[in-house]
Amino acid sequence: MGHFFMSRTNKIIEDHKVIEVLNPSPGNYFLTLQSPVEIPAILPGNFAEIKVPDAPDVFLRRPFSILDVDYKNRLIRFYVKVIGKGTKKLGELNVGDQVSMIYPLGNSYTLPQPGHKALIVGGGSGIAPFILLGKALIKNSNEVTFLIGGRSKQDVLLINELSSYGAVLITTEDGSLGERGLVTEHSVFRPDKFKFDKIYTCGPDPMMKAVGDLATAAGIDCEASLENMMACGFGICLCCITPTQEGNKRVCWDGPVFNVNYLKWHS
Amino acid sequence: MAQLGIKIHDLEFKNPVTVASGTFGFGEEMAQFVDLNKLGGIFVKGLTLKNREGNDYPRMAETASGMLNAVGLQNKGIDYFTHHIYPNIKDYNTHIIANVNGGTVEEYVELTEKLNELDRVTAIELNISCPNVKAGGMLFGTSCPSAIAVTDAVRKVYDKTLIVKLSPNVTDIAEMARAVEGAGADSISLINTLVGMAIDAEKRKPILSTVTGGLSGPAIKPVALRMVWQCYKSVKIPIFGIGGIMNATDAIEFILAGSSAIQVGTANFIDPTISEKIILGIDEYLNRHKIASVSELIGALEVH
Ligand SMILES: Cc1cc2nc3c(=O)[nH]c(=O)nc-3n(C[C@H](O)[C@H](O)[C@H](O)COP(=O)(O)O)c2cc1C
Ligand code: FES
């Protein structure tokens with residue numbers, strides 16, 4: 001577990017210009033920002049710490065997974081799901097506003113052997129790292145299946161984009177799209193269909209734990225990306241810890257991606 | 001360029017800007033953002049004799065202009081520090097100051113003896129003010145007799161610069177300052193965090209796993225300034241001012257109130273490069289006011 005800064009890529013701390021704000025459904029936003037400098041290499045799972053502008057009551061930065069990046073045009077994209085005052089304010093940004101960001105932070109998902117089949121399971125804000133992950137897997141010659149869950153059909157986002165990297169399966173709790181129920185109740189988990197070499201998951205803790213349990217029971221390697229509260233996001237405050245086989249680890253520094261068997265909530 | 005150097009006991013600091021314990025890791029993580037050689041000093045994350053896992057998650061709650069933390073001194077212990085961290089940071093051209101924690105006087109003494117062997121740890125900061133541990137910590141820093149006992153015991157085994165970090169969770173901070181000065185402290189640093197709590201009304205539950213935690217950030221600055229000023233008037237030893245310093249103006253205010261140097265804490269989380277910016281800002285202030293040396297400003301508050 002390399003944890004020295006020497007092994008990390010360069011970080012940037014820069015004001016970024018808002019280029020586009022999309023609001024596909026209530027409480028869901030896609031932000032595109034432009035960096036004034038060249039964007040360093042971003043790996044799937046990496047996140048950024050964003051300072052919410054003009055919000056004196058939002059004291060700390062907020063961590064967001066990096067959704068996508070366009071190196072040529074120096075563009076970086078985020079998915080913002082409104083859950084508190086910081087995310088609400090980000091949804092109110094206007095084109096042209098300046099936003100301070102620090103990235104890339106955290107580790108990344110590890111890729112399976114070329115040819116192996118991957119299942120990517122998520123819900124809520126957990127879908128954010130899936131575009132970069134899908135791209136990386138395709139480049140690595142893996143077969144990709146996404147399983148996206150939501151309360152109802154307006155919570156299920158990014159379907160078109162994700163479908164360019166693999167099949168997209170859907171569950172909604174109200175049955176308005178895809179199979180009815182929780183993600184973990186989807187038919188893909190039935191023994192005859194649950195044939196994958198690697199599982200990735202990101203979303204609420206109970207969902208990731210359930211997915212991890214299903215993967216472990218079937219003997220499939222599984223990585224989860226955690227979304228703990230953070231104060232700094234770059235390893236210095238020790239506020240974001242999660243219990244692991246080797247004691248408390250920083251989600252922002254040793255993670256956010258962990259093998260589910262390494263996490264204590266799993267056992 | 002104004003004269004930024006200051007003296008704490010017999011140590012020369014190239015400038016008065018240092019970073020607070022627990023808000024800068026062990027320096028290593030921050031080297032990707034800050035040129036550590038530019039800092040006056042680094043107070044490294046609180047150390048204990050043995051490995052400590054700290055408190056359970058959640059350990060943090062954002063508050064109005066600040067945050068509560070309940071980290072609980074998570075660290076791998078002094079032996080790990082000596083073998084795996086110290087070698088990586090010892091060659092930086094800045095003061096490396098260890099933050100010393102214990103559950104008993106004997107633990108403080110034993111840890112100090114081990115740190116005494118590390119040449120490049122030029123001073124220690126005795127943390128008798130951590131609100132997030134059950135044994136020791138703040139219990140030492142909130143009663144004069146125990147503050148004296150631990151300072152005195154550590155003084156007997158330590159010849160280098162001894163800084164004692166005071167708790168604001170007391171009725172009379174000046175009395176505490178005088179007590180540790182009398183027991184042999186070369187310097188004091190203040191303030192550590194103020195005990196506070198945060199509640200989730202919807203869930204009717206505390207936000208922190210420990211219920212209470214330590215408040216830091218701009219929310220505590222007025223209290224910290226007042227305490228520095230009271231201590232400045234009560235002791236002769238130099239003071240490190242701490243509490244909600246977010247920019248160079250805040251730093252100047254602490255120096256005017258009587259701090260010889262300052263520690264930047266929570267601000268590092270929001271802008272990891274802030275300590276370097278504060279150094280530049282202090283220089284700019286001195287030039288603008290045509291003040292030759294920062295030491296002229298220490299305690300230079302004009303009351304009336
Ligand atoms: C996350 C966190 C961890 C801390 N850990 C320590 C510690 O290990 N030892 C210590 O003496 N003070 C510790 N402190 C207190 C700070 O060093 C400082 O005294 C306090 O935060 C007030 O300064 P600030 O408002 O600039 O942050 C910690 C503070 C925070 C926010
Ligand atoms: S958020 Fe500060 S160490 Fe992870």
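In this text, all values refer to a predicted model and were calculated from it rather than measured experimentally. Letters A, B, ... are given to chains in the order of the sequence lines, protein chains preceding strands, and every chain is numbered from 1.
- The pair A/K264-A/E246 fails the salt-bridge criterion, with no side-chain N (NZ, NE, NH1 or NH2) lying under 4.0 Å from an Asp/Glu carboxylate O.
- Within residues 210-218 of chain B, the residues having any heavy atom closer than 4.5 Å to a heavy atom of chain A are B/G217, B/P218, listed by residue number.
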Steps toward side chain to side chain contact (heavy atoms under 4.5 Å, CB included) verdict (B/E125, B/S21) | CA-CA 9 Å; B/E125 177 181 54; B/S21 179; 4.0 Å; yes
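- Ring centroids of B/F33 and A/F234 are separated by less than 6.0 Å, placing the two rings close together.
- Heavy-atom distances place the side chain of B/T266, and not its backbone, under 4.5 Å from chain A.
- The 12-atom threshold is exceeded at NZ of A/K85, counting heavy atoms of other residues, nucleotides or ligands nearer than 6.0 Å.
- Between A/S152 and A/Q154, the side chains place a donor N or O and an acceptor N or O closer than 3.5 Å (distance only, hydrogens not considered).
- Both the backbone and the side chain of B/Y57 come within contact range of chain A, with heavy atoms under 4.5 Å apart.
- When A/L238, A/D57, A/I13 are compared by the number of non-hydrogen pairs under 4.5 Å with chain B, A/L238 comes out ahead.
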Go through A/H16 and A/Y103 one step at a time and tell me if the side chain to side chain contact (heavy atoms under 4.5 Å, CB included) criterion holds.
-> CA-CA 12 Å; A/H16 286 53; A/Y103 64 87; 2.7 Å; yes
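- Between atom CG of residue A/L157 and atom OG of residue A/S25 there is a gap of 5.0 Å, rounded to the nearest 0.5 Å.
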Would B/K76 and B/I85 satisfy side chain to side chain contact (heavy atoms under 4.5 Å, CB included), going step by step from the backbone distance to the final call?
-> CA-CA 10 Å; B/K76 291 198 167 80; B/I85 299 170; over 6 Å; no
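- Taking a cutoff of 4.0 Å between a charged side-chain nitrogen and a carboxylate oxygen, B/K221 and B/D250 qualify as a salt bridge.
- Sorted by first then second residue, the ring-ring contact (aromatic ring centres under 6.0 Å, His included) pairs that include residues 72-100 of chain A, not counting sequence neighbours, are A/F30-A/Y79.
- Between chain B and the residues A/A231, A/G247, A/P56, A/G235, the largest count of heavy-atom pairs under 4.5 Å involves A/A231.
- A donor and an acceptor atom, one from each side chain of B/N192 and B/N127, are located under 3.5 Å apart.
- Heavy-atom proximity under 4.5 angstrom to chain A picks out B/N268, B/F269, B/I270, B/P272, B/T273 from residues 267-283 of chain B.
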In sequence, state the C-alpha distance, the side-chain angles, and the governing distance for A/C237 and B/M60, and then conclude on side chain to side chain contact (heavy atoms under 4.5 Å, CB included).
-> CA-CA 10 Å; A/C237 75; B/M60 190 276 287; over 6 Å; no
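- Remark: the B/D56 side chain and the B/S209 side chain contain no N/O donor-acceptor pair separated by less than 3.5 Å.
- In summary, A/R77 and A/D70 do not engage in a salt bridge, as defined by a charged side-chain N under 4.0 Å from a carboxylate O.
- When heavy atoms are compared at a cutoff of 4.5 Å, B/F26 does not approach chain A at all.
- Only one option out of A/T110, A/D221, A/T244 pairs with A/N259 in a side chain to side chain donor-acceptor pair (under 3.5 Å); it is A/D221.
- Residues of residues 58-65 of chain A lying under 4.5 angstrom from chain B, judged on non-hydrogen atoms, are A/V58, A/F59, A/L60, A/R61, A/R62 by number.
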